[in-house]
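Taking it in order: structure first as structure tokens, then the write-up.
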Amino acid sequence: MSADVCVRFEHTSKRYRRRGNGRLSGLFRGNSSRASRASDSFWALDDVSFALERGETLGIIGPNGAGKSTVLKLLAGIARPSTGLVEVRGRVASLIEVGAGFHPDLTGRQNVYLNGAIMGMSRAEIKRKFDQIVEFAELADFIDVPVKRYSSGMYMRLGFSVAAQLEPDVLLVDEVLAVGDRSFQAKSVQRMHEVANSGATVIFISHDLNAVQGLCGRGIYLRHGRIVVDGSVQEAIHRYLDDVDAAQSRVEWPQGSPPPRDVDITRVVCRDEYGDETGEFTTGKPLIIDLEYVAHKPIERPSFVIGIGDGRGGYIALASMLVDGCAPERIEGQGVMRCRFDTLALLPKTYHVWCEVRSAQHGWGLLVPWHVRGRFRVVDVDSAYMPVADNAGIAHMRVDATVYLPYHWEHIDAVQAGQCRSCLR
Amino acid sequence: MATTVRHTPDPHSALATAVPERRAQVKIYTASGRASTLDDLRALWQSRELLWMLAQRDIKVRYAQSWLGIAWAILQPLSLTLLSTLVFSLFLHVKTGQVAYPVFTYIAMLPWTFFANSLSFSSTSLINNSGLLTKVYFPREHFPIAAMGACLFDFLIGALIAAGMMLYYGIAPTAWLLALPVILAVQIALSGAIGMIMSAVVVFFRDLRFAIPLLTQLWLYATPVFYPATAVPARLRTVFALNPMVGLVDAYRQTVLYGRAPDWQLLGLTLLTSLILLFIGFRFFKWAELRFADVI
């Protein structure tokens with residue numbers, strides 16, 4: 001392998017047995033025929049090849065069970081490939097579940113030494129870095145207390161700090177940034193950047209796409225143990241989000257309503273600016289949402305509410321008659337309540353449509369409960385609304401943001417800035 | 001397994017300059033590739049600090065948790081000695097020659113306890129550390145060996161009681177006590193070998209761990225601990241000698257109680273058995289090691 005290649009996978013596959021054996025009785029049952037073994041196993045990684053050079057930062061993304069953690073296990077030498085080979089150059093440190101080597105009865109100090117040794121540091125090295133580790137963990141006052149008295153946050157912080165002081169050639173990170181409070185997280189990310197900048201190769205696995213994008217230059221998108229995309233991190237994330245969106249669009253939402261109500265929303269239809277029913281929209285263009293209802297008896301001033309969410313919790317936007325006071329005087333029989341969003345400010349991804357109906361009487365009594373009733377995808381961007389110079393940049397927008405607010409840049413150079421400040425004063 | 005371990009200075013890495021002794025190691029993992037026994041031994045030696053710390057952990061944890069502390073190390077062989085004195089000496093009148101029964105039994109019970117405990121602790125050491133096993137790699141034999149190390153610590157504490165008993169019964173120490181480290185070394189080789197084999201087997205067949213206490217119990221009675229080796233009928237002696245603990249227990253008694261040379265032939269045979277077991281056990285363990293993380 002070339003001098004600068006640090007990590008190499010070559011047609012690497014890893015097969016796992018679905019059923020654990022681990023019982024003596026299994027030996028005697030005689031079910032280890034070739035056929036049953038084949039059906040019993042699955043490929044966690046299937047013919048994966050890639051190479052990383054020194055100093056590269058790779059983010060591996062993909063759904064659960066895609067084989068991300070298997071990649072790290074193979075690199076760490078914990079598991080062996082079933083076929084193909086894995087090659088690693090230099091010292092490997094893994095931040096896979098920090099604090100795994102801690103013993104609750106030992107003090108923080110003892111655990112630092114033990115964990116450091118487990119991670120491959122010599123005693124002298126740990127001694128040299130001990131103060132740094134404790135300072136990083138912010139646990140100077142508790143270092144001689146058994147770690148079983150620690151809060152879970154303290155525990156994780158100490159674990160991370162030991163690992164963070166390693167000086168590895170290859171650093172493996174598996175979803176550990178959720179450690180500690182906000183400021184500790186920032187410090188952790190900072191530390192990982194330092195390690196990456198010192199020339200180490202970093203491989204980072206996370207479902208937090210923002211974090212992956214922030215840290216990594218290169219991205220591999222794994223699905224069912226195979227590489228779907230190996231390219232820039234933007235490319236990989238873009239493709240992954242496309243697939244996530246496509247998968248979400250296939251989810252069937254419950255339609256209709258079993259318990260008889262005074263009013264029912266029978267269907268939610270999304271239409272484009274021409275009134276055509278569609279599931280795909282463009283940022284900057286109109287979106288029309290039709291709520292088709294049946295009122296089984298006359299209802300006075302029903303308030304329809306539409307919420308738009310992207311599955312992250314909370315809503316991005318609400319269109320509520322409780323607020324705008326647009327509720328109709330009275331409805332009866334079948335009808336459609338149409339809501340038109342003139343300019344869709346949402347960036348490309350999949351959105352859910354929630355709706356409910358409340359009555360004006362009895363303190364906003366619920367007529368149709370709040371529920372997801374539809375979805376739509378934003379797949380394109382209207383360049384008149386949102387200028388796009390670099391298409392790869394949209395991936396960055398999709399990951400980090402949801403809404404596009406039209407804006408303008410203005411460059412104020414130093415001289416003008418001085419004047420500006422003085423005129424503001 | 002790392003099939004090639006090349007040591008080349010690493011001029012590219014900024015880290016290499018910070019830590020000059022660091023060298024870039026190339027490791028290649030494949031399904032079939034395995035390191036030579038020599039490489040495995042080298043890896044074991046290189047991480048000896050970790051082994052030492054794991055053994056310390058096992059000791060500290062054992063003594064930190066129980067308020068009886070060090071007493072535990074003494075209690076087990078001592079209570080068994082008292083009980084057997086009652087049963088075998090007072091009730092059944094087992095003859096032990098000029099040496100009093102309690103000290104006669106204790107001198108055998110102490111190494112036996114070391115052996116039995118290290119078998120018990122090391123055989124479950126891998127599954128008890130499964131959390132670590134699936135997260136970080138270092139030579140896995142550290143677990144059974146460290147477990148044995150903790151039991152060795154108990155043994156050394158128990159040896160103080162042995163010294164006290166010798167004083168009490170007026171058994172004068174002789175120069176043959178200097179042979180004790182040799183005997184102990186043979187025992188460590190034997191315990192290490194069996195510990196490694198059993199720990200690996202238990203990973204694959206977990207229910208075996210329940211059979212180990214029974215096995216130890218049977219083994220105890222097949223070893224002249226409660227009774228003198230001379231009590232065994234002559235025609236059974238050869239079969240008996242197949243049990244490597246027979247030679248060890250006998251060697252301890254000869255050197256400590258009788259001030260005589262151990263039966264070198266018997267001890268040599270035990271050493272040979274232990275070394276063969278150690279070699280096979282280590283090879284087997286390193287073979288099985290590749291599969292631990294997949295199974296555990």
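In what follows, chains carry the letters A, B, and so on, assigned in the order in which the sequence lines appear, proteins first and then strands, with residues in each chain numbered from 1.
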Chain B interface, residue from A/Val92, A/Leu74, A/Thr83, A/Leu106 that has the most non-hydrogen pairs under 4.5 Å = A/Leu106

CD-CE distance between A/Gln110 and B/Met53, expressed to the nearest 0.5 angstrom = 9.0 Å

message = For A/Phe130, give me all partners under ring-ring contact (aromatic ring centres under 6.0 Å, His included), at least two apart in sequence or on another chain.
response = A/Tyr113

inquiry  = Would you say CH2 of B/Trp52 has more than 12 non-hydrogen atoms from neighbouring residues, nucleotides or ligands within 6.0 angstrom?
reply    = no

task = Mind checking the CD1-CZ spacing from A/Ile118 to B/Phe138? Nearest 0.5 Å is all I need.
result = 5.0 Å

A/Phe142 atom CZ, over 12 foreign heavy atoms within 6.0 Å = no

remark   = Looking only at heavy atoms, the pair that brings B/Ala31 and A/Ser82 closest together is CB-O, 3.0 Å

ask   = Using non-hydrogen atoms and a limit below 4.5 Å, what part of residues 121-131 of chain B faces chain A?
value = B/Gly131

inquiry  = One pair to check against salt bridge (Lys or Arg N to Asp or Glu O under 4.0 Å): B/Asp294 and A/Arg80. What are the steps and the verdict?
reply    = CA-CA 9 Å; B/Asp294 296 353; A/Arg80 305 288 144 157; over 6 Å; no

key: Distance in Å, B/Tyr137 OH paired with A/Leu75 CG, rounded so as to fall on 0.5 Å steps   = 15.0 Å

inquiry  = Just to verify, what does B/Arg48 make a salt bridge (Lys or Arg N to Asp or Glu O under 4.0 Å) with, not counting sequence neighbours?
reply    = none

query = Does any non-hydrogen side-chain atom of B/Tyr29 lie less than 4.5 Å from one of A/Thr12?
reply = no

message = Quick check for you: to the nearest 0.5 Å, what is the distance between A/His103 atom NE2 and B/Asp58 atom CG?
response = 7.5 Å

Minimum-distance pair of heavy atoms, taken over all atoms of A/Ile78 and B/Lys135 = CD1-O, 2.9 Å

ask   = Can any side-chain N or O of B/Glu49 pair as donor or acceptor with the backbone N or O of A/Arg123 at less than 3.5 Å?
value = yes

message = A quick test of your reading: do over 12 heavy atoms of other residues, nucleotides or ligands sit less than 6.0 Å from CD of A/Glu194?
response = yes

note = The interface call for B/Leu133 against chain A, heavy-atom contacts under 4.5 Å, is backbone

query = From B/Ile28 CD1 over to A/Glu10 CD, what is the distance, rounded to the nearest 0.5 angstrom?
reply = 9.5 Å

ask   = Atom CG in A/Asp105, atom NZ in B/Lys60: separation rounded to 0.5 Å?
value = 12.0 Å

ask   = With sequence neighbours excluded, what pairs up with B/Phe155 under the ring-ring contact (aromatic ring centres under 6.0 Å, His included) test?
value = B/Phe114

query = Non-hydrogen atoms of chain A under 4.5 Å away: do they reach the side chain of B/Arg140, the backbone, both or neither?
reply = side chain

ask   = Would one find more than 12 heavy atoms of other residues, nucleotides or ligands at under 6.0 Å from atom CZ of A/Arg149?
value = no

query = Any chance CZ of A/Arg191 has more than 12 other-residue heavy atoms, nucleotides or ligands included, within less than 6.0 Å?
reply = yes

request  = Would you mind checking which part of A/Leu114 comes under 4.5 Å of any heavy atom in chain B, side chain (CB onward), backbone (N, CA, C, O), both or neither?
outcome  = both

